[in-house]
A.B. asks: 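Quick one: the structure is below, questions incoming.
Letters A, B, ... are given to chains in the order of the sequence lines, protein chains preceding strands, and every chain is numbered from 1.
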Protein chains: 2
Amino acid sequence: MAEQGTTTARRRVALTREAIVEAAIRLCSPEGGGVLTFSRLGKELGADPTAVYRHFRDKDELILAMTTVMVEEAVALASVDALGPDRWRESLTGSARAVRAVYLERPALAVLAAVRTTASDVETSSVEQIIGMLHGAGLPVIEAAECCRMLLDLTLAMTQSSAAFLVLDKESQAKDDAAWSVQYGLLPEDRYPLLHQSAARLTELFRDDAQVFELVLSTFLDGVALKIERARAEQARTERTRTEQARKGSALG
Amino acid sequence: MAEQGTTTARRRVALTREAIVEAAIRLCSPEGGGVLTFSRLGKELGADPTAVYRHFRDKDELILAMTTVMVEEAVALASVDALGPDRWRESLTGSARAVRAVYLERPALAVLAAVRTTASDVETSSVEQIIGMLHGAGLPVIEAAECCRMLLDLTLAMTQSSAAFLVLDKESQAKDDAAWSVQYGLLPEDRYPLLHQSAARLTELFRDDAQVFELVLSTFLDGVALKIERARAEQARTERTRTEQARKGSALG
DNA sequence: ACCTGAACACCGTTCAAGT
DNA sequence: ACCTGAACACCGTTCAAGT
């Protein structure tokens with residue numbers, strides 16, 4: 001009998017920063033309703049909506065704290081399979097998928113969080129780890145850092161875009177969906193022969209943006225692989241030159 | 001003396017769909033204030049805020065109309081330099097940059113528009129054109145369509161992300177900026193040697209997300225180039241086989 | 001037929017008052 | 001020290017009333 005009262009409000013929880021953040025994150029998941037307002041948050045906590053202001057300066061500060069928690073969860077999930085430099089591709093793919101999955105569990109938060117920076121320790125060491133992996137694979141440090149940042153931006157941006165669609169009310173979602181289906185179904189073959197030919201695939205991709213993300217990720221990583229190959233070739237070339245010069249030097253000396 | 005009255009409201013315009021959309025788009029640009037509300041829109045039109053409801057069912061319908069206009073502008077700008085299949089890379093780069101530029105001129109609209117679909121004719125023919133170019137470069141039609149969709153999603157997602165930051169109030173922007181600078185400046189070298197080494201570059205990339213976009217775009221297109229090479233090689237292989245079989249057939253016949 | 005203005009529900013936020 | 005509840009400014013939207 002931990003519960004008391006007959007209201008629809010959730011169990012009364014001690015109002016701490018952590019309890020508030022936890023409740024707020026819960027509200028952002030589809031099961032929690034997918035909307036974050038002070039009114040709903042107050043009900044979830046069994047307290048007055050404005051009580052939250054005793055622990056957070058404003059909504060922005062609350063969102064920042066929520067984001068930190070979510071990022072830490074994503075990083076923990078992502079770095080589980082931190083494989084060696086020879087398997088950088090699988091590692092990066094796994095990390096990107098983990099971030100996306102954790103974010104899409106709370107679309108309403110993902111939309112709010114994607115822009116904001118959270119300077120958490122665990123995130124920092126994860127970035128260091130990724131740079132190390134790419135560097136170990138053959139990329140100069142600066143270039144490795146660039147690739148890490150690109151992957152992060154790319155993943156967050158596309159995830160946020162998916163989240164934004166999930167947050168739309170059902171009506172708008174249906175409107176968008178219908179627009180695509182109808183449009184691609186009615187394309188005149190003589191004016192748009194190629195679109196007509198690929199309409200089925202394009203409709204499929206629209207319905208499932210996880211697939212688009214996988215394709216983009218794979219294509220992007222192909223580009224990274226190319227950078228690594230080039231870097232290795234360059235390194236091999238300079239080493240060969242150095243060896244030759246050394247040989248020449250010893251021959252002359 | 002076209003102007004009259006002493007209010008801060010703009011010139012009184014005949015209330016048509018086009019006039020409303022034009023005014024609304026203007027409000028979304030930084031010069032226009034960068035915020036779209038019915039109140040501000042009414043003032044801009046010199047009419048009662050609720051007068052807009054005589055021409056648009058709700059705000060969503062207005063945003064859809066605004067998005068259509070902006071997309072058409074972007075497409076017009078993007079297809080100016082539609083070069084041949086041999087220069088697909090420059091064409092796609094130009095298109096992506098054009099879309100990004102047009103969207104970032106009205107960050108407040110970009111944020112609202114990025115998810116919504118607008119089935120405009122001019123957009124359709126632009127997509128057909130891009131698929132044709134990639135197909136001409138050697139990609140099978142379906143794969144060309146996939147690449148087109150990937151590029152579009154990628155560009156819109158990253159552009160929307162940049163727009164979301166521009167829409168943040170100055171205070172939050174400064175907070176984010178400070179967070180990055182401080183964090184990367186204070187990283188202990190012994191724990192984060194690689195991050196310490198690339199801190200300057202990472203800070204630069206954070207400050208200038210146009211640069212990140214260019215890098216991602218280039219890396220992604222490297223991946224597309226690889227797909228094209230593979231497709232060409234595959235095609236050459238099957239053609240050779242067919243020729244050999246034809247030769248064998250004629251030798252046997 | 002089109003525009004106006006009062007009204008409503010909802011949002012984030014403030015502040016004086018309670019315990 | 002922490003929570004409550006009335007109040008405020010602002011938002012999108014509705015609707016009866018004007019012309």
Side-chain angles (χ1 to χ4, degrees), chain A residues 4-5 7-21 23-24 27-28 32-67 108-109 111-113 116 167-172 175, chain B residues 4-5 7-21 23-24 27-28 32-67 108-109 111-113 116 167-172 175:
Chain A
Q4 60 171 345
T7 66
T8 61
R10 298 283 295 236
R11 62 190 176 280
R12 191 178 190 90
V13 181
L15 240 50
T16 64
R17 275 194 142 239
E18 281 127 38
I20 294 172
V21 166
L27 289 180
C28 288
V35 180
L36 177 65
T37 69
F38 278 86
S39 165
R40 279 169 47 77
L41 184 53
K43 216 168 272 173
E44 180 79 7
L45 290 165
D48 192 274
T50 63
V52 176
Y53 281 94
R54 237 42 57 193
H55 300 86
F56 297 93
R57 208 173 61 89
D58 52 19
K59 197 178 183 182
D60 191 60
E61 196 181 299
L62 173 60
I63 290 170
L64 242 42
M66 294 164 70
T67 305
L109 176 55
V111 168
L112 299 170
R116 308 316 307 276
V167 162
L168 279 182
D169 50 313
K170 296 293 166 199
E171 196 192 343
S172 298
K175 212 191 287 180
Chain B
Q4 59 172 345
T7 67
T8 60
R10 298 283 295 234
R11 62 189 176 279
R12 192 179 190 90
V13 182
L15 238 51
T16 63
R17 275 192 143 242
E18 281 127 39
I20 293 172
V21 166
L27 288 180
C28 287
V35 180
L36 176 66
T37 68
F38 278 85
S39 165
R40 279 168 47 77
L41 183 51
K43 216 168 271 174
E44 180 79 6
L45 290 165
D48 191 274
T50 63
V52 176
Y53 282 94
R54 238 41 58 193
H55 301 87
F56 296 93
R57 207 173 61 89
D58 53 17
K59 197 178 183 182
D60 191 60
E61 197 181 297
L62 173 61
I63 290 170
L64 241 42
M66 295 164 69
T67 305
L109 176 54
V111 168
L112 300 170
R116 308 316 307 274
V167 163
L168 279 182
D169 50 314
K170 296 294 166 200
E171 194 193 342
S172 297
K175 213 192 283 181

A.B. asks: Treat primed atoms plus P, OP1 and OP2 as sugar-phosphate and everything else as base, then score nucleotides 13-19 of chain C 5' to 3': B for base contact with protein heavy atoms under 4.0 Å, S for sugar-phosphate contact only, - for none.
C.D. replies: BBB----
A.B. asks: Tell me: CD of A/Glu61 to P of C/dG12, nearest whole Å?
C.D. replies: 16 Å
A.B. asks: Going from CG on A/Leu27 to CE on A/Met66, what distance comes out if it is rounded to the nearest 0.5 angstrom?
C.D. replies: 7.5 Å
A.B. asks: Would you kindly give the CG-to-P distance between B/Asp48 and D/dG12, to the nearest whole Å?
C.D. replies: 14 Å
A.B. asks: Using only side-chain N and O atoms of B/His55, determine if any of them is under 4.0 Å from OP1 or OP2 of C/dC3.
C.D. replies: yes
A.B. asks: CG/A/Leu45 to CD1/A/Ile20 distance, rounded to the nearest 0.5 angstrom?
C.D. replies: 6.0 Å
A.B. asks: Taking CD in A/Glu18 as the centre, count heavy atoms belonging to other residues, nucleotides or ligands within less than 6.0 Å. Is the count above 12?
C.D. replies: no
A.B. asks: Let's go through A/Phe56 and A/Leu64 carefully: what are the C-alpha distance in whole Å and the side-chain angles of both, what is the deciding distance for side-chain contact (heavy atoms from CB on, under 4.5 Å) to 0.1 Å, and is it a yes or a no?
C.D. replies: CA-CA 10 Å; A/Phe56 297 93; A/Leu64 242 42; over 6 Å; no
A.B. asks: Given a 3.5 Å cut-off on both pairing distances, which stems involving DNA chain D, each at least three consecutive Watson-Crick or G-U pairs, are present, if any?
C.D. replies: C:4-8 with D:12-16, C:12-16 with D:4-8
A.B. asks: Can you give me the closest heavy-atom contact between B/Gly34 and B/Ala108, atom names plus distance?
C.D. replies: O-CB, 3.2 Å
A.B. asks: Hey, what do you get for CG (B/Leu62) to CG (B/Asp58), rounding to the nearest 0.5 Å?
C.D. replies: 9.0 Å
A.B. asks: Quick one: pull up NZ in B/Lys59 and OH in B/Tyr53 and give me the separation to the nearest 0.5 Å.
C.D. replies: 8.5 Å
A.B. asks: Separation of B/Leu62 atom CG from D/dC11 atom C1', in whole Å?
C.D. replies: 15 Å
A.B. asks: Working to the nearest 0.5 Å, report the span between CG of A/Asp60 and CG of B/Leu168.
C.D. replies: 7.5 Å
A.B. asks: Roughly, in whole Å, what's the span from CG in A/Leu41 to P in D/dC3?
C.D. replies: 12 Å
